[in-house]
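Heads up, the thing below is written out as C-alpha coordinates.
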There are 2 protein chains.
Amino acid sequence: MPKRTDIHRCACTVLRQAARVATQHFDKALAASGLRISQLSVLTTLSYVGPKTINELAEVMVLDRTTLGRNLRPLQREGFIAIEAGKDDRRTKKLVLTKKGSSVALKAMDSWGDAQTSFEKAVGLENAIALSKLLRQVVKADYPEK
Amino acid sequence: MPKRTDIHRCACTVLRQAARVATQHFDKALAASGLRISQLSVLTTLSYVGPKTINELAEVMVLDRTTLGRNLRPLQREGFIAIEAGKDDRRTKKLVLTKKGSSVALKAMDSWGDAQTSFEKAVGLENAIALSKLLRQVVKADYPEK
DNA sequence: TTGACTTATGCGTATATGCACTCATTATGC
DNA sequence: GCATAATGAGTGCATATACGCATAAGTCAA
(Lines give C-alpha, C1' and ligand atoms only; values in the text may rest on other atoms or scores of the structure.)
Protein backbone atom coordinates (compact mmCIF):
# COMPACT_ATOMS: atom_id res chain seq x y z
CA MET A 1 0.00 0.00 0.00
CA PRO A 2 2.57 2.62 0.94
CA LYS A 3 3.91 4.45 -2.03
CA ARG A 4 6.03 7.56 -1.97
CA THR A 5 6.54 7.44 1.72
CA ASP A 6 3.57 6.34 3.71
CA ILE A 7 0.66 8.48 4.66
CA HIS A 8 1.76 8.65 8.26
CA ARG A 9 3.91 11.47 7.02
CA CYS A 10 0.94 13.19 5.46
CA ALA A 11 1.29 16.87 6.27
CA CYS A 12 -2.44 17.35 6.04
CA THR A 13 -3.45 14.47 8.28
CA VAL A 14 -1.11 15.45 11.08
CA LEU A 15 -2.28 19.05 10.72
CA ARG A 16 -5.87 17.94 11.11
CA GLN A 17 -5.01 15.80 14.11
CA ALA A 18 -3.22 18.64 15.81
CA ALA A 19 -6.10 21.00 15.04
CA ARG A 20 -8.51 18.55 16.68
CA VAL A 21 -6.36 18.20 19.77
CA ALA A 22 -5.88 21.94 20.12
CA THR A 23 -9.54 22.65 19.50
CA GLN A 24 -10.58 20.33 22.30
CA HIS A 25 -8.02 21.86 24.63
CA PHE A 26 -9.20 25.40 23.92
CA ASP A 27 -12.91 24.54 23.84
CA LYS A 28 -12.65 22.92 27.25
CA ALA A 29 -10.93 25.97 28.66
CA LEU A 30 -13.58 28.23 27.11
CA ALA A 31 -16.57 26.09 28.08
CA ALA A 32 -17.60 28.31 30.99
CA SER A 33 -17.77 31.33 28.68
CA GLY A 34 -20.28 29.61 26.43
CA LEU A 35 -18.07 30.23 23.43
CA ARG A 36 -16.02 27.87 21.33
CA ILE A 37 -12.63 28.91 20.03
CA SER A 38 -14.11 29.04 16.53
CA GLN A 39 -16.71 31.52 17.74
CA LEU A 40 -14.34 33.57 19.87
CA SER A 41 -12.10 33.99 16.84
CA VAL A 42 -14.99 35.50 14.90
CA LEU A 43 -15.80 37.99 17.65
CA THR A 44 -12.21 39.05 18.25
CA THR A 45 -11.44 39.35 14.56
CA LEU A 46 -14.53 41.47 14.08
CA SER A 47 -13.48 43.59 17.03
CA TYR A 48 -10.03 44.00 15.56
CA VAL A 49 -10.93 44.85 11.98
CA GLY A 50 -14.22 46.63 12.67
CA PRO A 51 -17.53 46.19 10.83
CA LYS A 52 -17.10 44.09 7.71
CA THR A 53 -19.21 42.28 5.18
CA ILE A 54 -19.37 38.50 5.20
CA ASN A 55 -17.06 38.19 2.23
CA GLU A 56 -14.52 40.56 3.75
CA LEU A 57 -14.48 38.82 7.11
CA ALA A 58 -14.29 35.40 5.49
CA GLU A 59 -11.22 36.51 3.55
CA VAL A 60 -9.51 37.81 6.68
CA MET A 61 -10.29 34.63 8.56
CA VAL A 62 -9.21 32.32 5.72
CA LEU A 63 -12.62 30.74 5.83
CA ASP A 64 -15.08 29.87 3.08
CA ARG A 65 -17.72 32.58 2.93
CA THR A 66 -20.59 30.10 3.08
CA THR A 67 -19.06 28.51 6.15
CA LEU A 68 -18.71 31.86 7.86
CA GLY A 69 -22.29 32.70 6.89
CA ARG A 70 -23.56 29.68 8.75
CA ASN A 71 -21.17 30.08 11.66
CA LEU A 72 -22.67 33.49 12.26
CA ARG A 73 -26.07 32.04 13.06
CA PRO A 74 -25.43 31.04 16.70
CA LEU A 75 -23.62 34.32 17.30
CA GLN A 76 -26.51 36.33 15.93
CA ARG A 77 -29.04 34.24 17.82
CA GLU A 78 -27.22 34.95 21.08
CA GLY A 79 -27.03 38.63 20.22
CA PHE A 80 -23.23 38.74 20.05
CA ILE A 81 -23.23 40.24 16.59
CA ALA A 82 -25.69 42.30 14.58
CA ILE A 83 -26.18 41.92 10.87
CA GLU A 84 -27.19 45.16 9.20
CA ALA A 85 -28.15 45.72 5.60
CA GLY A 86 -25.49 47.52 3.60
CA LYS A 87 -26.23 51.20 2.99
CA ASP A 88 -24.42 51.80 -0.28
CA ASP A 89 -24.65 48.31 -1.63
CA ARG A 90 -27.86 46.60 -0.66
CA ARG A 91 -26.48 43.19 -1.50
CA THR A 92 -24.04 43.34 1.36
CA LYS A 93 -24.57 42.72 5.06
CA LYS A 94 -22.45 44.51 7.58
CA LEU A 95 -21.38 42.44 10.55
CA VAL A 96 -21.14 44.43 13.76
CA LEU A 97 -19.96 43.29 17.17
CA THR A 98 -22.60 44.17 19.76
CA LYS A 99 -21.90 45.39 23.28
CA LYS A 100 -23.01 42.01 24.54
CA GLY A 101 -20.70 40.27 22.12
CA SER A 102 -17.82 42.48 23.10
CA SER A 103 -18.45 41.82 26.76
CA VAL A 104 -18.69 38.07 26.36
CA ALA A 105 -15.54 37.99 24.25
CA LEU A 106 -13.65 40.07 26.77
CA LYS A 107 -14.56 37.69 29.56
CA ALA A 108 -13.65 34.70 27.41
CA MET A 109 -10.22 36.15 26.79
CA ASP A 110 -9.23 35.31 30.34
CA SER A 111 -9.89 31.64 29.71
CA TRP A 112 -8.25 31.94 26.32
CA GLY A 113 -5.11 33.25 28.00
CA ASP A 114 -5.09 30.25 30.31
CA ALA A 115 -5.51 27.89 27.38
CA GLN A 116 -2.78 29.57 25.37
CA THR A 117 -0.40 29.51 28.31
CA SER A 118 -1.03 25.85 29.09
CA PHE A 119 -0.67 25.03 25.40
CA GLU A 120 2.71 26.75 25.35
CA LYS A 121 3.67 24.85 28.45
CA ALA A 122 2.55 21.51 27.04
CA VAL A 123 4.50 21.81 23.78
CA GLY A 124 7.20 24.15 25.00
CA LEU A 125 7.25 27.90 24.47
CA GLU A 126 9.97 27.85 21.84
CA ASN A 127 8.15 25.12 19.98
CA ALA A 128 4.87 27.00 20.15
CA ILE A 129 6.47 30.11 18.71
CA ALA A 130 8.18 28.19 15.93
CA LEU A 131 4.95 26.35 15.21
CA SER A 132 2.90 29.51 14.86
CA LYS A 133 5.42 30.93 12.45
CA LEU A 134 5.33 27.81 10.31
CA LEU A 135 1.56 27.66 10.37
CA ARG A 136 1.31 31.24 9.14
CA GLN A 137 3.53 30.23 6.26
CA VAL A 138 1.22 27.34 5.45
CA VAL A 139 -1.73 29.73 5.44
CA LYS A 140 0.00 32.32 3.27
CA ALA A 141 1.75 29.95 0.90
CA ASP A 142 0.77 29.68 -2.73
CA TYR A 143 -0.53 26.31 -3.88
CA PRO A 144 -0.53 26.28 -7.70
CA GLU A 145 -3.42 24.48 -9.37
CA LYS A 146 -1.70 21.31 -10.45
CA MET B 1 -10.67 43.91 23.70
CA PRO B 2 -7.20 42.41 23.44
CA LYS B 3 -5.97 41.05 26.70
CA ARG B 4 -2.96 38.86 27.23
CA THR B 5 -1.73 39.32 23.74
CA ASP B 6 -4.37 39.37 21.12
CA ILE B 7 -6.07 36.38 19.65
CA HIS B 8 -4.24 36.75 16.38
CA ARG B 9 -1.56 34.81 18.15
CA CYS B 10 -4.01 32.08 19.11
CA ALA B 11 -2.25 28.78 18.54
CA CYS B 12 -5.54 27.03 17.98
CA THR B 13 -6.97 29.47 15.47
CA VAL B 14 -3.89 29.47 13.27
CA LEU B 15 -3.79 25.68 13.52
CA ARG B 16 -7.37 25.49 12.33
CA GLN B 17 -6.70 27.92 9.50
CA ALA B 18 -3.70 25.92 8.33
CA ALA B 19 -5.69 22.70 8.56
CA ARG B 20 -8.39 24.21 6.35
CA VAL B 21 -5.88 25.41 3.78
CA ALA B 22 -4.07 22.09 3.69
CA THR B 23 -7.30 20.12 3.55
CA GLN B 24 -8.46 22.06 0.51
CA HIS B 25 -5.09 21.59 -1.17
CA PHE B 26 -5.09 17.83 -0.59
CA ASP B 27 -8.79 17.35 -1.33
CA LYS B 28 -8.38 19.10 -4.69
CA ALA B 29 -5.46 16.88 -5.57
CA LEU B 30 -7.43 13.79 -4.53
CA ALA B 31 -10.70 14.78 -6.20
CA ALA B 32 -10.24 12.46 -9.16
CA SER B 33 -9.85 9.48 -6.84
CA GLY B 34 -13.21 10.13 -5.24
CA LEU B 35 -11.61 10.20 -1.81
CA ARG B 36 -11.01 13.05 0.57
CA ILE B 37 -7.84 13.20 2.60
CA SER B 38 -9.88 12.44 5.70
CA GLN B 39 -11.14 9.25 4.08
CA LEU B 40 -7.81 8.24 2.59
CA SER B 41 -6.28 8.51 6.03
CA VAL B 42 -8.80 6.02 7.39
CA LEU B 43 -8.08 3.50 4.63
CA THR B 44 -4.31 3.79 4.85
CA THR B 45 -4.30 3.63 8.62
CA LEU B 46 -6.47 0.56 8.52
CA SER B 47 -4.15 -0.97 5.95
CA TYR B 48 -1.17 -0.21 8.14
CA VAL B 49 -2.46 -1.45 11.48
CA GLY B 50 -4.70 -4.23 10.19
CA PRO B 51 -8.27 -5.04 11.26
CA LYS B 52 -9.26 -3.04 14.29
CA THR B 53 -12.36 -2.16 16.26
CA ILE B 54 -13.83 1.32 16.05
CA ASN B 55 -12.45 2.31 19.44
CA GLU B 56 -9.00 1.04 18.60
CA LEU B 57 -8.83 2.78 15.24
CA ALA B 58 -10.20 5.99 16.71
CA GLU B 59 -7.44 5.96 19.29
CA VAL B 60 -4.75 5.45 16.67
CA MET B 61 -6.17 8.23 14.53
CA VAL B 62 -6.58 10.65 17.43
CA LEU B 63 -10.24 10.96 16.57
CA ASP B 64 -13.37 10.79 18.68
CA ARG B 65 -14.88 7.31 18.37
CA THR B 66 -18.33 8.65 17.49
CA THR B 67 -16.81 10.81 14.77
CA LEU B 68 -14.98 7.86 13.31
CA GLY B 69 -18.14 5.79 13.52
CA ARG B 70 -19.96 8.24 11.33
CA ASN B 71 -17.02 8.83 9.00
CA LEU B 72 -17.07 5.13 8.22
CA ARG B 73 -20.51 5.33 6.67
CA PRO B 74 -19.50 6.63 3.22
CA LEU B 75 -16.57 4.21 3.14
CA GLN B 76 -18.80 1.27 3.95
CA ARG B 77 -21.45 2.42 1.47
CA GLU B 78 -18.83 2.52 -1.29
CA GLY B 79 -17.55 -0.90 -0.26
CA PHE B 80 -14.09 0.29 0.74
CA ILE B 81 -14.32 -1.23 4.18
CA ALA B 82 -16.28 -4.09 5.70
CA ILE B 83 -17.65 -4.05 9.22
CA GLU B 84 -17.80 -7.47 10.78
CA ALA B 85 -19.24 -8.45 14.12
CA GLY B 86 -16.63 -9.29 16.72
CA LYS B 87 -16.18 -12.99 17.36
CA ASP B 88 -14.98 -13.03 20.95
CA ASP B 89 -16.68 -9.88 22.11
CA ARG B 90 -20.02 -9.37 20.45
CA ARG B 91 -20.08 -5.70 21.37
CA THR B 92 -17.17 -4.93 19.07
CA LYS B 93 -17.11 -4.43 15.32
CA LYS B 94 -14.03 -5.28 13.35
CA LEU B 95 -13.15 -2.87 10.57
CA VAL B 96 -11.55 -4.53 7.57
CA LEU B 97 -10.14 -2.93 4.43
CA THR B 98 -11.68 -4.58 1.39
CA LYS B 99 -9.87 -5.33 -1.86
CA LYS B 100 -11.79 -2.52 -3.48
CA GLY B 101 -10.81 -0.16 -0.70
CA SER B 102 -7.19 -1.19 -0.94
CA SER B 103 -7.21 -0.68 -4.68
CA VAL B 104 -8.83 2.75 -4.48
CA ALA B 105 -6.44 3.84 -1.76
CA LEU B 106 -3.43 2.65 -3.73
CA LYS B 107 -4.51 4.66 -6.76
CA ALA B 108 -5.18 7.71 -4.59
CA MET B 109 -1.67 7.52 -3.19
CA ASP B 110 -0.31 8.79 -6.49
CA SER B 111 -2.31 11.97 -6.15
CA TRP B 112 -1.43 12.13 -2.49
CA GLY B 113 2.25 12.06 -3.39
CA ASP B 114 1.72 14.96 -5.78
CA ALA B 115 -0.11 16.92 -3.09
CA GLN B 116 2.53 16.21 -0.48
CA THR B 117 5.32 17.22 -2.85
CA SER B 118 3.64 20.44 -3.87
CA PHE B 119 2.89 21.20 -0.24
CA GLU B 120 6.57 20.76 0.61
CA LYS B 121 7.43 23.00 -2.30
CA ALA B 122 4.95 25.68 -1.28
CA VAL B 123 6.15 25.95 2.32
CA GLY B 124 9.70 24.74 1.80
CA LEU B 125 10.92 21.22 2.47
CA GLU B 126 12.83 22.11 5.62
CA ASN B 127 9.83 23.96 6.95
CA ALA B 128 7.51 21.08 6.16
CA ILE B 129 9.75 18.66 8.02
CA ALA B 130 10.05 20.95 11.04
CA LEU B 131 6.30 21.53 10.96
CA SER B 132 5.44 17.83 10.98
CA LYS B 133 7.72 17.29 13.93
CA LEU B 134 6.12 20.09 15.89
CA LEU B 135 2.61 18.92 15.01
CA ARG B 136 3.37 15.46 16.29
CA GLN B 137 4.44 17.04 19.55
CA VAL B 138 1.15 18.90 19.73
CA VAL B 139 -0.71 15.66 19.21
CA LYS B 140 1.32 13.75 21.78
CA ALA B 141 1.57 16.48 24.39
CA ASP B 142 -0.21 16.25 27.71
CA TYR B 143 -2.80 18.91 28.42
CA PRO B 144 -3.61 18.80 32.15
CA GLU B 145 -7.23 19.42 33.09
CA LYS B 146 -6.94 22.91 34.46
C1' DT C 1 -32.42 52.41 -21.10
C1' DT C 2 -31.52 47.94 -21.49
C1' DG C 3 -29.03 43.80 -21.86
C1' DA C 4 -24.87 41.43 -20.28
C1' DC C 5 -21.67 40.74 -16.96
C1' DT C 6 -20.07 40.84 -12.22
C1' DT C 7 -20.62 40.48 -7.37
C1' DA C 8 -22.76 39.51 -2.54
C1' DT C 9 -25.24 36.37 -0.33
C1' DG C 10 -28.33 32.25 0.53
C1' DC C 11 -29.52 27.35 0.21
C1' DG C 12 -29.14 22.25 -0.67
C1' DT C 13 -26.26 18.67 0.11
C1' DA C 14 -22.58 16.03 2.07
C1' DT C 15 -19.00 15.26 5.21
C1' DA C 16 -16.44 16.27 9.74
C1' DT C 17 -16.42 16.97 14.70
C1' DG C 18 -17.51 15.87 19.54
C1' DC C 19 -20.59 15.86 23.79
C1' DA C 20 -24.36 13.62 26.48
C1' DC C 21 -27.16 9.91 26.77
C1' DT C 22 -28.67 5.14 25.82
C1' DC C 23 -28.40 0.14 24.84
C1' DA C 24 -26.27 -4.26 24.72
C1' DT C 25 -22.68 -7.11 26.30
C1' DT C 26 -18.93 -8.37 29.08
C1' DA C 27 -16.35 -8.48 33.41
C1' DT C 28 -16.36 -8.57 38.55
C1' DG C 29 -17.37 -9.12 43.32
C1' DC C 30 -19.78 -11.67 46.62
C1' DG D 1 -25.17 -17.50 39.86
C1' DC D 2 -26.48 -12.79 40.26
C1' DA D 3 -26.38 -8.02 40.94
C1' DT D 4 -23.44 -4.36 39.68
C1' DA D 5 -19.82 -2.11 37.37
C1' DA D 6 -17.27 -1.40 33.20
C1' DT D 7 -16.95 -1.33 28.25
C1' DG D 8 -18.08 -1.04 22.95
C1' DA D 9 -20.95 1.04 20.03
C1' DG D 10 -25.12 3.94 18.41
C1' DT D 11 -28.13 8.21 18.42
C1' DG D 12 -29.65 12.98 19.08
C1' DC D 13 -28.05 17.33 18.92
C1' DA D 14 -25.28 21.25 17.66
C1' DT D 15 -21.63 23.22 15.26
C1' DA D 16 -17.91 23.36 11.43
C1' DT D 17 -16.59 22.92 6.65
C1' DA D 18 -17.01 23.72 1.65
C1' DC D 19 -18.79 22.85 -3.17
C1' DG D 20 -22.40 23.85 -6.66
C1' DC D 21 -26.40 26.20 -7.83
C1' DA D 22 -29.72 30.03 -7.36
C1' DT D 23 -31.06 34.81 -6.57
C1' DA D 24 -30.75 39.58 -5.99
C1' DA D 25 -28.41 43.74 -6.89
C1' DG D 26 -24.82 46.62 -8.83
C1' DT D 27 -21.94 47.99 -13.11
C1' DC D 28 -21.09 49.03 -17.66
C1' DA D 29 -21.31 49.27 -22.47
C1' DA D 30 -24.07 49.89 -26.66
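It should be emphasised that the depicted structure is a prediction, and the values quoted were computed from it without experimental measurement. Just so we're on the same page: letters track the sequence lines, and every chain starts at 1.
- Across the protein-nucleic acid pair, N71(B) atom CG and dG18(C) atom P stand 9 Å apart, rounded to whole Å.
- Note on R65(A): every side-chain N or O is 4.0 Å or more away from OP1 and OP2 of dT7(C).
- Within 4.0 Å (heavy atoms only), S38(B) reaches sugar-phosphate atoms of the nucleic acid but no base atom.
- Annotation: of the two residues near DNA chain C, R91(A) and R16(A), the 5′-most nearest-nucleotide partner is R91(A).
- Protein atom CD1 of I83(A) is 10 Å distant from nucleotide atom P of dT9(C), rounded to whole Å.
- Between the side chain of E145(B) and the backbone N or O of K28(A) there is no donor-acceptor pair closer than 3.5 Å.
- Annotation: side chain of L131(B) is in contact with side chain of F119(B) (closest heavy-atom distance under 4.5 Å).
- Across all strands shown, T66(B) has heavy atoms under 4.0 Å from base atoms, whether or not it also approaches the sugar-phosphate.
- Among the atoms of the strands shown, base atoms are found under 4.0 Å from some heavy atom of T67(A).
- Backbone-only contact: R20(B) has heavy atoms under 4.0 Å from sugar-phosphate atoms and none from a base.
- Dashed line: the shortest gap from a side-chain N or O of R73(A) to OP1 or OP2 of dC11(C) is under 4.0 Å.
- For the residue pair R16(A) / T23(B), a side-chain donor-acceptor distance below 3.5 Å is found, with atom types taken as modelled.
- Neither side chain, N55(A) nor T53(A), offers a donor N or O lying under 3.5 Å from an acceptor on the other.
- Phosphate contact (OP1/OP2 of dG18(C), side-chain N/O of K28(A), threshold under 4.0 Å): absent.
- Nucleic acid contact class of T23(A) (heavy atoms, under 4.0 Å, all strands): none.
- For DNA chain D, the outermost nucleotides in 5' to 3' order that have an atom under 4.0 Å from a heavy atom of chain B are dA6(D) to dC19(D).
- One atom, CD of Q39(B), and another, C1' of dT15(C), lie 8 Å apart when rounded to the nearest Å.
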